[in-house]
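See structure below.
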Amino acid sequence: MSKIYFASDFHLGINGQQSSRDREQIIVRWLDQVSKDADAIYLLGDTFDYWFEYSQVVPRGFVRILGKLAELRDQGIPIYAFLGNHDMWMFGYFEKELGIPVYREPILRTIDGKTFMIGHGDGLGPGDHGYKFIKRVFRSKVSQWIFARIHPNSGIRLMKYLSGTSRSLTSIPEFLGEDKEWLILYCNQKLKEQHIDYFVFGHRHIPIDHVLKNGKSRYLNCGDWLVHHSYAVWDGTDVRLLKYDFGEGETVRM
């Protein structure tokens, strides 16, 4: 039986309830803890609040988490990363320097006989057409080529500004109900095409464990680390949402 950990929305680079530096240290302590029994770790996007890789330059900072991820990979622990809507401009640094594959779309994985769909979750389901348009523009080769022509000092400063103005950190999103949550609608639609036991996403910044319309499959959202310090774990028989109590260095079930 496997022990698989899922976490998302660290948003390193911007302050929340803790400073970005303090939150990074908390996440590193959590990674130390889960590495004791992890068969794999999935980072489901928005690890960074802003990110753009130039051919010879990456954003300043984040050395603690990058060093820890490199250490865990050197220990042989598989780590998989996903692009989020805040760090979508990754072009090979994780793969080449850390040995961590990066996925741009949700993937299907079979774990202990169960089918998982895993991803960040942005742009899925109906609605949100404005963001879907912006996402297409930002992911286009033309946009990336133009942005790469900007000097890194100005480009990364601009990226940080745009990322920081994209949402408020003072308000916690509310669960909208199964008929309005786009990811729940997306999951129920996918179940009409194929059977999936667990959908595990991030993006919504709310820890969610929701039974879908077929009465068997579940949608789980990992929450975030700006407020909740929450994550999901597959223990070989079930997926649970947990909260990291960084004061005690322990986890509690949500």
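Computation of the quantities below employed the complete heavy-atom set of this structure, encompassing side-chain atoms and omitting hydrogens, waters and symmetry-equivalent molecules.
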| said: Restricting to non-hydrogen atoms, name the atom on Lys216 and the atom on Val211 that form the minimum distance, rounded to 0.1 Å. | reply: N-CG1, 4.3 Å
| said: Parallel, tilted or perpendicular: which one describes the rings of Phe94 and Phe48, with boundaries at 30° and 60°? | reply: perpendicular
| field | Main-chain N/O of Arg240 paired with Asp235 side-chain donor or acceptor, under 3.5 Å | value | no
| task | List the steps, then state whether side-chain contact (heavy atoms from CB on, under 4.5 Å) holds for Met90 with Leu83. | result | CA-CA 7 Å; Met90 291 185 174; Leu83 297 185; 3.6 Å; yes
| task | Could you grab the distance from atom CD of Gln194 to atom CE of Met117, nearest 0.5 Å is fine? | result | 6.0 Å
| task | Determine the interplanar angle of the Phe116 and Trp234 rings, folded into 0 to 90°, and report it as parallel if under 30°, tilted if 30 to 60°, perpendicular if over 60°. | result | perpendicular
| task | Go through the structure and list residues passing side chain to side chain donor-acceptor pair (under 3.5 Å) with Thr110, not counting sequence neighbours. | result | none
| task | Could you note down all residue pairs passing salt bridge (Lys or Arg N to Asp or Glu O under 4.0 Å) where residues 182-206 supplies at least one of them, sequence neighbours left out? | result | Glu181-Arg204, Lys190-Glu193
| task | Tell me whether Ile206 is reachable from Leu176 by hopping between hydrophobic residues (I, L, V, M, F, W, Y) whose side-chain heavy atoms are closer than 4.5 Å. | result | no
| Any side-chain heavy-atom pair from Asp238 and Tyr198 closer than 4.5 angstrom? | yes
| field | Flag for Asp122-His203: side-chain donor and acceptor within less than 3.5 Å | value | no
Output a table of donor-acceptor pairs, distance under 3.5 Å, between side-chain atoms of residues 24-31 and any protein atom two or more places apart or on a different chain; print 'none' if there are none.
from	atom 1	to	atom 2	distance (Å)
Glu24	OE2	Arg64	N	3.2
Glu24	OE2	Ile65	N	3.1

| query | From Leu212 CG over to Leu185 CG, what is the distance, rounded to the nearest 0.5 angstrom? | reply | 10.0 Å
| task | Return the minimal non-hydrogen interatomic distance between Ile118 and Phe201, and the atom names on each side. | result | C-CE2, 4.3 Å
| request: Nearest 0.5 Å please: distance from the CZ atom of Arg21 over to the CZ atom of Phe62. | output: 10.5 Å
| task | Salt-bridge test for Arg23 and Asp224: reply yes if a basic N is under 4.0 Å from a carboxylate O, no otherwise. | result | no
| message | Ignoring hydrogens, what is the shortest heavy-atom contact between Cys222 and Val200? Give both atom names and the distance. | response | SG-CG1, 3.9 Å
| message | Between Asn15 and Ser20 (side chain of the first, backbone of the second, donor and acceptor by atom type, cut-off under 3.5 Å), is there such a pair? | response | yes
| field | Arg73 versus Gly99, closest heavy-atom pair with distance | value | NE-O, 3.0 Å
| query | Do any N or O atoms from the side chain of Asp209 and from the backbone of Leu220 form a donor-acceptor pair under 3.5 angstrom? | reply | no
| field | Reported CG-to-CD1 distance for the pair Leu183 and Ile208, which is rounded to 0.5 angstrom | value | 8.0 Å
| Do Asp9 and Leu226 come close enough that some side-chain heavy atom pair is under 4.5 Å? | no
| Verdict with supporting geometry, His210 and Ile184, side-chain contact (heavy atoms from CB on, under 4.5 Å) | CA-CA 8 Å; His210 183 82; Ile184 291 179; 3.7 Å; yes
| request: For residues Gly202 and Ser8, report the shortest heavy-atom separation together with the two atoms involved. | output: CA-OG, 3.3 Å
| message | Using modelled atom types and a 3.5 Å cut-off, is there a donor and acceptor pairing between side-chain atoms of Asp87 and backbone atoms of Gly45? | response | no
| request: Compare every heavy atom of Pro207 with every heavy atom of Ser230, then report the nearest pair and how far apart it is. | output: OG-CG, 3.5 Å
| Linking I/L/V/M/F/W/Y whenever any side-chain heavy atoms sit under 4.5 Å apart, do Phe175 and Phe199 land together? | yes
| field | The single option from Thr47, Ile41, Ile77, Leu43 passing side chain to side chain contact (heavy atoms under 4.5 Å, CB included) against Leu69 | value | Leu43
| Is the backbone of His86 close enough, under 3.5 Å, to the side chain of Asp46 for a donor and an acceptor to pair up by distance? | yes
| Mind checking what makes salt bridge (Lys or Arg N to Asp or Glu O under 4.0 Å) contact with Lys68, not counting sequence neighbours? | Asp32, Glu71
| task | Check side chain to side chain donor-acceptor pair (under 3.5 Å) between His229 and all other residues, then give those that pass, not counting sequence neighbours. | result | Gln18
| query | How long is the gap from OH on Tyr231 to CG on Leu44, to the nearest 0.5 Å? | reply | 14.0 Å
| request: Report the distance from atom CG of Asp37 to atom NZ of Lys3, rounding to the nearest 0.5 Å. | output: 3.5 Å
| Can any side-chain N or O of His120 pair as donor or acceptor with the backbone N or O of Gly84 at less than 3.5 Å? | no
| request: With sequence neighbours excluded, give me every side-chain hydrogen bond (donor to acceptor under 3.5 Å, both in side chains) pair touching residues 93-103. | output: Tyr103-Arg109
| task | Look at the rings of Trp225 and Tyr244 and say which category their plane angle falls in: under 30° parallel, 30 to 60° tilted, over 60° perpendicular. | result | tilted
